[in-house]
Amino acid sequence: MHSLSTKKHGPDQPDIVGPTPKSQRSKMVKSTEDGEKKNLNKRLKDVEISVPIVYGNIAFWLGKKASEYQSHKWTVYVRSPTNEDLGVVIKRAVFQLHSSFNNPTRVVESPPFELSEAGWGEFEIAITLYFQSDVCDKLLNLYHHLKLYPEDESGPMSAKKPVVVESYDEIVFSEPSEGFFARVQNHPAVIVPRLPAGFSLPPPVPLEDVNEKKRFDSKDNPLNQWFRNFSEADELLQLAAARQQVSMNGLFSICIY
Amino acid sequence: MDAKDILGLPKTPLTVPQEKKSRPQKDSQRKPDGISREVYALTGGLAPLMPAVDVSQLKRRPQSDEKVTWQWLPFTSSARTDNLQLYHWVRVVNGVPPTGDYSFAKYNKSVNVVKYTDEEYEKYLTDPTWTREETDQLFELCERFDLRFIVIADRFPSSRTVEDLKNRYYNVSRAILVARAASPGDVSGHPLVKEPYNVSQEIERKRALSMILSQTKQQERKDAEVLAEAKRITEARIAARSAEESDMPVASNVSPESNEKNIIPVETVSPSSNVQIPPTTVAPPTSTADNLSTLNSLRGMRVYLRTYALEQMVQAASSSAGLRTIKRVEQTLQDLGVNLKPKVPTKSVCAEHLELRKEILTLLNLQKQLQYKEAEGSSHRDGSYAETPGTPKRSQRAGEQDRTFIPDSISFGGERVGKRDQKRKAPAPPSPAQSKRPRKLKASD
């Protein structure tokens, strides 16, 4: 545990009176920056930050406009379950498509992390997530089987109702850096644990905004209407009931013996 | 059928000629020459490759020109050293009795026990623990009883162990062999010279055998458990070693690639000392079967998916269970209406899921122990040693019980208690929990 109470006014820094020579000033700034950087990189032991994600695909049958090689228009994506902005954690997503596609390695540099294409076949897509520099320098792989045709084969295909297949998962970052923690602790897309009282973090350093254009608002995504809602409540209830039953059975076994 | 349909041919063929064809075929099958049908069928209905019996010889009648009588005649055997006169029935053809030695004399084999002279004894064969007399007696017995040492040991005047007798005999034989040989090279191929009799080893071996033979069933079970445990540990170690080895070359391949990618971000975080392997593709060796080690390895990965973490924890928790037990756990989960892989794997859901799995495992183990105890208990009562815990009757019954009471949520308690009643002939007290449960379940429904 450490607290950075005095950063800019370290004991080794002299009191500056009057205009400082440029070289000295830049040196001072650099040393504090270095000091901060070291603190930002410090890891928080026994802490994990989790980012819930939903990844999958949505496919529309083209109906009348369908051809033999392009019967469906589909989009594969990685999103937040509550449609928050994942750009706070993910820097880029690389979708590896079937080799029959042109340039099968598609890179998406900014949110929304989705890729749209047209085709006829179902195949496995490998999604590689690269994280922001202060988050993690390792990458993470997800695998999703592209689904175009509805489960119920007998039903007619509708150009209006898409086929949606999604999987819920959570990306867990163990022992995150203090800088990362500070930056995302209040972001709705990220789940952070409560730190012990009195623990102070360095002030967050915002990410460099590579794209200066208008920030994408994930809540405006037109695909939102098709997305599923994932609620842990049902599953928790189910598990709790099951556990109770199992412990009852256990009690009986012991009693009877 | 279908082909005829396509060709447009009529479907009903002429049946009469077919019948005629099949019948004569069957007839020929039924009557092989020489043997009756049933006997022929024993060979599988096919002729054997090599006729074991000359079929033509079986029904051969004696030739008409021969006159055969049977006579009670005396005979001698070259196998006999005395002049005992024995009689037996002899087949006499045309008044001429058969010639030749007694047909069983050729089976009178004996062992070539070495015969040493006094000289040789003095020169090579003296031994502090054996007198000349004893050695002579031993050799006489050996010849008489064809080296059947168990019998020889019984007959030996002074009590000596079988190993001791064997030792003396083989040593003497070996010494004589070597002494009489023209050169040592001649005898080096002889088995006695190549592998001499090792007394201490033999004694040890026989002791170990008798120990194993006299082991009780309990000990046998314990031994089997220990062996299984050892096997598991060695396999785990081998898996860990091979995983580590496979990790090394993979790691070295991946690190130069990912180092390149690090150039792009402006602020480079100090590269982690861990090798950069995509965590979901290479599984860290969690074969140590310890939850703590799984947690540690997960922590070391820096970033991973919650589903992956759950998988690792489940594997670690069920590492002590066999494949069948794992399948039973999964079956139980399904019966309880729980997804084998949670659909919404949040932190709490995963924790609950893991705990549920562990509890089911404990429950199954408890039930198994219960079965064993019951089996032991009843076998002691009945006094029948034939019934072991593993007899199919018992396990079937228990298995049925397993499957019926878990899904039968509301009334299972009653059913199970009832079944126990039938067995024990004593009323089981109704448990208070039984009345509570239906209410609780309703709430969750």
Inset, instruction - Step by step, work out the side chain to side chain contact (heavy atoms under 4.5 Å, CB included) result for L239(A) and E355(B). - result: CA-CA 9 Å; L239(A) 284 169; E355(B) 285 310 303; over 6 Å; no
Inset, instruction - May I have the step-by-step check of side chain to side chain contact (heavy atoms under 4.5 Å, CB included) for K347(B) and I191(A), ending in yes or no? - result: CA-CA 10 Å; K347(B) 190 167 180 173; I191(A) 302 176; over 6 Å; no
Inset, instruction - Decide yes or no on salt bridge (Lys or Arg N to Asp or Glu O under 4.0 Å) for R302(B) and D137(A), but give the supporting numbers first. - result: CA-CA 9 Å; R302(B) 291 271 182 254; D137(A) 44 6; over 6 Å; no
Legend entry - E359(B) and S247(A): CA distance, side-chain angles, deciding distance, side chain to side chain donor-acceptor pair (under 3.5 Å) verdict: CA-CA 7 Å; E359(B) 283 176 8; S247(A) 49; 5.1 Å; no
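For the options P81(A), S174(A), C136(A), heavy-atom pairs under 4.5 Å to chain B are most numerous at S174(A). The candidate with the highest count of non-hydrogen atom pairs below 4.5 Å against chain B, out of I49(A), D169(A), V51(A), is D169(A).
Between the side chain of Q238(A) and the backbone N or O of G337(B), at least one donor-acceptor pair lies under 3.5 Å. For the pair K138(A) (side chain) and V303(B) (backbone), a donor-acceptor distance under 3.5 Å is absent. Looking at E235(A), its side chain does come within 3.5 Å of a backbone N or O of V344(B) through a donor-acceptor pair.
There is no side-chain donor-acceptor pair under 3.5 Å between E170(A) and T346(B).
Proximity of L305(B) to I171(A): side-chain heavy atoms (C-beta onward) are separated by under 4.5 Å at one or more points. In this structure the side chain of Y168(A) never reaches within 4.5 angstrom of the side chain of R306(B), judged on heavy atoms. R243(A) places none of its side-chain heavy atoms less than 4.5 Å from the side chain of H353(B).
Here the CG-CD distance, from L356(B) to Q244(A), works out to 12.0 Å after rounding to the nearest 0.5 Å. Between the OH atom in Y308(B) and the CG atom in L142(A) there is a gap of 14.0 Å [rounded to 0.5 Å].
There is no contact between Q132(A) and chain B, counting heavy-atom distances below 4.5 Å. Heavy atoms closer than 4.5 Å to chain A are found in the side chain of L366(B), but not in its backbone. Residue S167(A) does not touch chain B at all, counting heavy-atom pairs closer than 4.5 Å. There is no contact between D234(A) and chain B, counting heavy-atom distances below 4.5 Å.
The environment of NZ in K343(B) is sparse: at most 12 heavy-atom neighbours from other residues, nucleotides or ligands sit within 6.0 Å.
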